[in-house]
Chemist: 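The structure is given below, and queries will be raised subsequently.
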Amino acid sequence: MSKKTYGQAINEALRGEMLRDPNVIIIGEDVAGGHGASGEPGGVGGVFGMTAGLYKEFGPERVLDTPISESAIIGAASGAAVTGMRPVAEIMFVDFVGVCFDQIYNQAAKFRYMFGGKAKTPMVIRTAIGAGFRGGAQHSQTLHPLFTMVPGLKVVIPSNAYDAKGLLISAIRDDDPVIFMESKVLYGQSMEVPDEAYRIPFGEANVVREGKDLTFVAFGAMVPRALAVAQTLAAEGISCEVIDPRTTSPLDEDTILESVAKTGRLVIIDESPPRCSLAADVGAMVADKGFRSLKAPIKAVTCPHTPVPFAPNLEDEYMPNPRRIEEAARAVLGYR
Amino acid sequence: MSKKTYGQAINEALRGEMLRDPNVIIIGEDVAGGHGASGEPGGVGGVFGMTAGLYKEFGPERVLDTPISESAIIGAASGAAVTGMRPVAEIMFVDFVGVCFDQIYNQAAKFRYMFGGKAKTPMVIRTAIGAGFRGGAQHSQTLHPLFTMVPGLKVVIPSNAYDAKGLLISAIRDDDPVIFMESKVLYGQSMEVPDEAYRIPFGEANVVREGKDLTFVAFGAMVPRALAVAQTLAAEGISCEVIDPRTTSPLDEDTILESVAKTGRLVIIDESPPRCSLAADVGAMVADKGFRSLKAPIKAVTCPHTPVPFAPNLEDEYMPNPRRIEEAARAVLGYR
Amino acid sequence: MQLSRDDLKRAYRSMFTIRTFEERVDKEFALGNIPGFAHVYLGQEASGVGVCFDLTNDDYIGSTHRGHGHCIAKGCDVHGMMLEIMGKQGGLCGGKGGSMHIADMTKGMLGANAIVGGSPPIAVGAALTQKLKKTGRVAVAFSGDGASNQGTTFEALNMAVVLGVPAIFAFENNGYGEHTASSYAVGAPSIAERARSFGMPAEVVDGSDFFAVHQAMGRALERGRAGEGPYALEIVCSRFLGHFIGDPQAYRLPEELAQARGNDPIPRFRKGVTEAALLDDADLDAIESEVLAEVEDAVAKAMAAPRPDISTLETDVYVRY
Amino acid sequence: MQLSRDDLKRAYRSMFTIRTFEERVDKEFALGNIPGFAHVYLGQEASGVGVCFDLTNDDYIGSTHRGHGHCIAKGCDVHGMMLEIMGKQGGLCGGKGGSMHIADMTKGMLGANAIVGGSPPIAVGAALTQKLKKTGRVAVAFSGDGASNQGTTFEALNMAVVLGVPAIFAFENNGYGEHTASSYAVGAPSIAERARSFGMPAEVVDGSDFFAVHQAMGRALERGRAGEGPYALEIVCSRFLGHFIGDPQAYRLPEELAQARGNDPIPRFRKGVTEAALLDDADLDAIESEVLAEVEDAVAKAMAAPRPDISTLETDVYVRY
Ligand SMILES: Cc1ncc(C[n+]2csc(CCOP(=O)(O)OP(=O)(O)O)c2C)c(N)n1
Ligand SMILES: Cc1ncc(C[n+]2csc(CCOP(=O)(O)OP(=O)(O)O)c2C)c(N)n1
Ligand SMILES: [Mg+2]
Ligand SMILES: [Mg+2]
């Protein structure tokens, strides 16, 4: 056990799984880095450094640099997966999935069903998500709804270093295609993380904070924001429960429904535009299955229906921020 | 005024707009057909025949056949649109958007915002949607949620021939990128459709049937199914209101909320897997803004979280069918 | 080395099975016994069979919407195929896939693919496994001339070169992508030349000549098995019927169609091997009878088979969820 | 015809503006005055300027994540650019775009593009408008060597040939896509050759030589303006700094970097024109002083400018919703 960042936890999970299973390979742009240059290859380890050191330790047959060809990256991963490997592909920023989406949702995710259960596609797509990085409209999206809607895909969105490690290990050992969404703004966050391997199962939400007046459901980088508001409200004697589903597909409906059964009030904090979002998904689920418990409207705190703006002040307002979360909480708490 | 099929209405709208505005062009695979063959080109008019006759009438500068390169088709359309044309691009089946999604959601839909309002991208993407055609997992999807979540895009999903014509004319005259989703199973449905041009505005739902006990919201090919169940229930004295939003982005929230204010009960019928669907979107919207009116849980009738199966009996069960719609309606009506 | 007499019989059986199967699919479709739509491989038999002839069950192929011929050439069971195409229980994919998604992992058949350009990237992945596991096996991506213009296909060509994997790109140029001629939609002077410019050997082959295809594939395979990287074949062939069953193909003049039929790979093979006295008519007729009976039986069984159990609708989405 | 002295001054001004602007971006970034990340064009000035030199405001370009140089070469205002890059009110895109999304429709600048391979299809569309409206104008797609491997780029090449549009593909091969050399990631022997195999003329150009780029572009432009179809240039140049500001680029040895710097297009231009007595040092020094002052002023004004009004967050999504 030692303090590790979210990024280190990811790197450690990758390394541990590569040591454990020779079929685990890494494939993507600059996951090694420096190929064909005058210096040594392998010194980059991905633009965010998540695969740092792995090329030097495992060599070119386990850590494969590719051209900027995302469809071919995903296809190479899924084709390798159905024939016996366990590839971990990297799509540098989730924003880039538009150039390879077919290979994800029509191919890898559908193989098993289309082929009547006769294919197994154990692959992971790691990708960086989220705003707050001043990356502009094409480098700041989250897009977890895009994947959650796809039957055959599993979607993981860890909110802290401990979960990142345990969920990534589960993802790599999983026999289905998994997309693993890493929050850029969390890469540097650190906490105690065990050195050894451990798994966090999919579909089991984490009740990050217990409470009885109001339920917050938050995803990824929104979890710390929900917690912060829960703390503010606690000072006034308002007790908020904070739930981090950790995976959006499968989704742990039971934990959310149990919480709402107790609190009767729900606010969902979701970093994405509002339409067909996870906020909508969870809200609608509770409006059906948890209707009897509800004491107030279900509120969502999302981004507006706009692309991500570049200017820092606009971007800060774009993201669900404590002010907007608190407003929603108070609206729900004050509902009569 | 004369009886026309949904398909004829679309063809008529295209032809009318091409006659009216020389900047309207059509681009896609086999929209003319027969290029380079030993016979005459222009005899195909799209695999569903929606552009039939247009090549012969307007020639190769207005009706452009392309290679099977959807990213280049959409890029060609958006690049032409920002420089003064009004292209109508065809993506044969919506299932194919995965190979060109970047050009839709990151490019065309974001131009205006990223460029601070300085670009105008008047283009339409026509595409065929829906199951029931025995097309299998990669030719039967609906995917309207995928587009609805994209800021900058407008999403149209007509449920009958009259609407198809009026909405397509509006789409072509609209200054923003619009995706126009044509239900394959409706192409042959006919009704009275005016011969002249008329527009149906976006964001105005159609109350297809008035009622007071229960509100159905249904999209595209699900509208006739909802109506059929409404009729069945009417025989028992149950009065269902049926709302067809016609466009999912923008969405006419007011009409839905007014209806729920009256009925207190909502069932959404949406042909797509359940997660982050339009069903979820509408359900969550009402669970927030219409909470006070609700007398029962909001139920959704969707497809299961699976790809579209091929076998006819599986596909029929996959789609929201009258049995499942009726069950949901009764559950909501019987809620105490 | 020349092919043995048994090999020649196997080749003929495979081509004739495709021919018979596809003619029957065409007929059953017209009778309403096949749901949806189907694209038949009539006229292209020598291509699929020539390419797959020396592949083992541990070599892989990725196929297209026009995949029946590839399946048969790769050894898929015609009973399982007919059940699948009719959407019946016991089909190779349990009736969930249909004509455009037939797959059989036990035969190294990675699936027909209803997305044009869907298979090449996947085949690169299958080839990557072979390289990493040093199996000496290869992966073939079948693509049409139309698919040769899809971005995913180009990426796969480049990726295969960069990763140095034993992927073989079999471009079946049947002159058309749907209703548009390749002479219009392929801007390049030649598909093979375009592939070559990506950095791999490429050749143009007469796709109506089984022997030409088989020999060219032999060169590709030699390179692949030796771990020397990818290879491309442009296999020039003819689509006898329309794009899908029911396409009246008014855009092709009768003379063009007649010319295509005039270069039928099956009589051409028969003529070749009988004139060379390698096989005689009796050998070939015997094969034909067997094949006709087998396909007849496959149709009869498929017609009689039940639909998949409704309980299977939600199975097989995940290994575990 | 040779370029006039005024033309030469204009070329030098444009290149030197890019140089000064980018050095300043590098510095302001290090000072924390530029949010996010930025990719500078240092070392590639002769490419952008050579390509854009004879374009009018009615000719279009589509650019890349490394787009500042293209913007300046196409005539975008450096004040508006600096405001945009700093995320300030009055920026060319109102502060909503940032470094990777600068666009100016009034200058025919269709936008930097943060998606590698995003621009080529769009440029084909802009070129299509020119063809249909018979304007004699062209559209240029700038792409890097890395972008030359993206499927969208390949599709655009083929589409441009098939539609016969005046699109010019300017492949700036600066040796790297991020931290990976083009010698690794481009499997083809040559990007130009690969483009040629799609069916268009293509040539390799020394991208450190303004005159070479300008002349090659002249040939491309002649073809485009005459309505004869697309053209490709592989412009070989050097990236002086890392991929983005802050990239230590440990993968490049000092010698490689020194060699790149040794072939700096700006002193090379200066040496050429002064030795030929076309311009003298005083001419060039005067330009430099003006440019330095202009960029200084742009930075000062951008630093002083307010952030965009928060009320603009939700505007400009649609023309009307
Ligand atoms: C991405 C995509 N675009 C379009 C289609 C529709 N489509 C199916 S087959 C086909 C033609 C393919 O032509 P080719 O690759 O030459 O194969 P062939 O049909 O001649 O065997 C098209 C356009 C598709 N299935 N997928
Ligand atoms: C589709 C996509 N994939 C990956 C990236 C990340 N990325 C940004 S720039 C870049 C390298 C581009 O290389 P090149 O085209 O040679 O341009 P250069 O940076 O050398 O100007 C990469 C991989 C991206 N922005 N978009
Ligand atoms: Mg073809
Ligand atoms: Mg480069």
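What you see is a predicted model; the values in this text were computed from it and never measured. Per chain, numbering begins at 1; letters A, B, ... match sequence-line order.
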Chemist: Out of E178(D), M86(D), E255(D), H243(D), which one racks up the most heavy-atom pairs below 4.5 Å with chain A?
Modeler: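 Most heavy-atom pairs within the cutoff with chain A belong to E178(D).
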Chemist: Hey, are E182(A) and Y187(A) close enough side-chain-wise for a donor-acceptor pair under 3.5 Å?
Modeler: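 Side chains of Y187(A) and E182(A): pair found under 3.5 Å.
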Chemist: If you tally heavy-atom pairs under 4.5 Å against chain D, which of G34(A), G43(A), S140(A), P307(A) wins?
Modeler: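 Greatest number of close heavy-atom pairs with chain D: G34(A).
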Chemist: Do the side chain of R126(A) and the main chain of I179(A) share a donor and acceptor less than 3.5 angstrom apart?
Modeler: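 Looks like no, no N/O pair under 3.5 Å.
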Chemist: What residue, out of K88(D), H179(D), E84(D), Q89(D), has the most heavy-atom pairs lying under 4.5 Å from chain A?
Modeler: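 The option with the most such pairs is H179(D).
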Chemist: Are any of the side-chain heavy atoms of T51(A) and L14(A) separated by less than 4.5 Å?
Modeler: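 T51(A) vs L14(A): side chains touch.
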Chemist: Are the side chains of I25(A) and V88(A) in touch, meaning some heavy atoms are under 4.5 Å apart?
Modeler: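 Heavy-atom side-chain distance check fails, nothing below 4.5 Å.
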Chemist: Is chain D contacted by the side chain of S71(A), its backbone, both, or neither, given a heavy-atom distance below 4.5 Å?
Modeler: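 Contact with chain D: none, neither part.
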Chemist: Thinking salt bridges, do E326(A) and R323(A) make one under a 4.0 Å N-O criterion?
Modeler: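 R323(A) and E326(A): not salt-bridged.
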Chemist: Just so I understand: if I count every heavy-atom pair under 4.5 Å between each of A32(A), S38(A), G98(A), S69(A) and chain D, which residue has the most?
Modeler: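 Most heavy-atom pairs within the cutoff with chain D belong to S38(A).
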Chemist: Please report the interatomic distance CZ(R194(D)) to CD(E234(D)), rounded to the nearest 0.5 Å.
Modeler: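 One gets 9.0 Å once the value is rounded to the nearest 0.5 Å.
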Chemist: Relative to chain D, which of A72(A), C100(A), P312(A), P41(A) shows the most heavy atom pairs under 4.5 Å?
Modeler: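 Heavy-atom pair counts peak at P312(A).
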Chemist: Side chain, backbone, both or neither: which part of E70(A) has a heavy atom under 4.5 Å from chain D?
Modeler: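 For E70(A), the contact with chain D is made by backbone and side chain together.
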Chemist: For chain D, which of P309(A), G33(A), A37(A), G42(A) has the most heavy-atom pairs under 4.5 Å?
Modeler: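 Answer, by heavy-atom pair count under 4.5 Å with chain D: A37(A).
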Chemist: Who wins among V308(A), L314(A), D65(A) for the most heavy-atom pairs under 4.5 Å with chain D?
Modeler: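 Option with the greatest count: L314(A).
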Chemist: With a 4.5 Å cut-off on heavy-atom pairs, point out which of T66(A), D316(A), N313(A) contacts chain D the most.
Modeler: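 Among the listed options, the one with the most contacts to chain D is N313(A).
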Chemist: At a 4.5 Å cut-off on heavy atoms, which part of H35(A) comes close to chain D: side chain, backbone, both, or neither?
Modeler: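 Its backbone and side chain both get close to chain D.
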Chemist: Without hydrogens or angle criteria, can the side chains of H39(D) and S99(D) be said to hold a donor-acceptor pair below 3.5 Å?
Modeler: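 No, no side-chain donor-acceptor pair sits under 3.5 Å.
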Chemist: Please classify the contact between L83(D) and chain A as side chain, backbone, both or neither, with a heavy-atom cut-off of under 4.5 Å.
Modeler: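 For L83(D), there is no contact with chain A at all, as no heavy atom is under 4.5 Å.
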Chemist: Using non-hydrogen atoms only, which part of E317(A) is less than 4.5 Å away from chain D: side chain, backbone, both, or neither?
Modeler: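 Answer is both: backbone and side chain atoms of E317(A) are under 4.5 Å from chain D.
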Chemist: With a 3.5 Å distance limit and no angle check, can you tell me whether K299(A) reaches the backbone of V267(A) through a side-chain donor-acceptor pair?
Modeler: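 The answer is no, because no donor-acceptor pair under 3.5 Å joins these two groups.
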Chemist: For T180(D), which atoms come within 4.5 Å of any heavy atom of chain A: side chain, backbone, both, or neither?
Modeler: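 Contact with chain A is through both the backbone and side chain of T180(D).
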Chemist: Report yes if some heavy atom in the side chain of F310(A) is under 4.5 Å from a heavy atom in the side chain of M100(D); otherwise report no.
Modeler: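 When only atoms from C-beta onward are counted, M100(D) and F310(A) do not touch, as no gap falls below 4.5 Å.
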Chemist: Taking D95(A) as the fixed residue, which of Q141(A), Q138(A), H139(A) is the one that meets the side-chain hydrogen bond (donor to acceptor under 3.5 Å, both in side chains) rule?
Modeler: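 Option passing the side-chain hydrogen bond (donor to acceptor under 3.5 Å, both in side chains) with D95(A): Q141(A).
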Chemist: Is N113(D) in contact with chain A via its backbone, its side chain, both, or neither, using a 4.5 Å heavy-atom distance?
Modeler: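 Both backbone and side chain.
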